[in-house]
Every structure is written in structure tokens, then in C-alpha cells.
Amino acid sequence: MAKIIKSDLVEEVYHNTNFPKQEINQITDSLLAEIKNALCKGNTIELRNFGTFEPKLRKGKTNARNPRTGEIVQGETHYIASFKAGRELKEKIWNLKKSEK
């Protein structure tokens, strides 16, 4: 399996739709910016048949250690961006053949 970057996705959409690459790139950037903005506001984004993006609260560690000094420190509670795959995506991933990896 290969690593796919945004320009690869733009190229695939271009081949599937024949829309101008510049427009596809702008739409992709805009979509990703809107997802980021929604998450930063604490909203959940649900994309049917794909998955759900949501901010999740991660509790701070109580006995974290600073690797540089060895000092025990208290980790801060903070939010992280989380993605949960939808049922259709889960099924397709589950059925990947080991040789495809």
C-alpha cells in the first residue's frame, strides 16, 4: 500500500470528473478548512457511509515523566481530533486482503 497525499486525491478526482484541477484543489482546501473550523468550535462532523470526526477530551496523565530531566510532571487535560470510521468504510477495510497491505 502506498501513502496518498492531497495532490494524489486531487488527481484522482480530476480523472473521475474532468473538472479543472485548480477548482478541485480549491474545493478540497475549503472542505478541509471547514472540517478543521468545525472541530475547533467543538462540533462533530458526520459524513454518512464514511465516518465521524469529533473533538474528544483526553485526560492529563497523573504520573507523566519529563524524559529530559526525569522529573514527574502533571499532564494537562486537552482535546484531540478523533475519527471513527462508518460501518461501510469499516467493512471495506476489514475485507482488505493481507497481500494488499
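- A salt bridge does not link K90 to E88: none of the charged side-chain nitrogens sits closer than 4.0 Å to a carboxylate oxygen.
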Given the rule in the side-chain contact (heavy atoms from CB on, under 4.5 Å) test, do L9 and V13 qualify, once you have shown the distances and angles that lead to the verdict? CA-CA 6 Å; L9 294 174; V13 172; 5.5 Å; no
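- In this structure, CG in D29 is found 9.5 Å from NZ in K36, a value given to the nearest 0.5 Å.
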Yes or no on side-chain contact (heavy atoms from CB on, under 4.5 Å) for T17 and I24, after CA distance, side-chain angles and deciding distance? CA-CA 10 Å; T17 64; I24 296 168; 4.0 Å; yes
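- Note that CD of Q26 and CG of L31 are 13.5 Å apart. Values are rounded to the nearest 0.5 Å.
- In this structure, K3 does not pair ionically with D8, as no charged nitrogen and carboxylate oxygen lie closer than 4.0 Å.
- Counting heavy atoms from C-beta on, the side chains of T69 and N66 come closer than 4.5 Å.
- L89 and F50 get closest at one heavy-atom pair: CD2-O, 3.4 Å.
- At least one side-chain heavy atom of I45 sits less than 4.5 Å from a side-chain heavy atom of L39.
- Residues N43 and N37 form no side-chain contact, since every pair of their non-hydrogen atoms from C-beta on lies 4.5 Å or further apart.
- To the nearest 0.5 Å, the span separating CZ on R58 from CD on E76 amounts to 14.0 Å.
- Using a 4.5 Å cut-off on side-chain heavy atoms (C-beta onward), E46 and E54 make no contact.
- Two different hydrophobic clusters hold L96 and I4 under the rule that ILVMFWY side chains link at heavy-atom gaps under 4.5 Å.
- Shortest non-hydrogen contact noted between K59 and T77 is CA-OG1, 3.9 Å.
- Side-chain atoms of T62 and Q74, non-hydrogen and from C-beta on, do get closer than 4.5 Å to each other.
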Run the numbers on T52 and L47 for side-chain contact (heavy atoms from CB on, under 4.5 Å), then give the verdict. CA-CA 6 Å; T52 304; L47 303 173; over 6 Å; no
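- By the 4.5 Å heavy-atom criterion applied to side chains, K6 and N25 are counted as neighbours.
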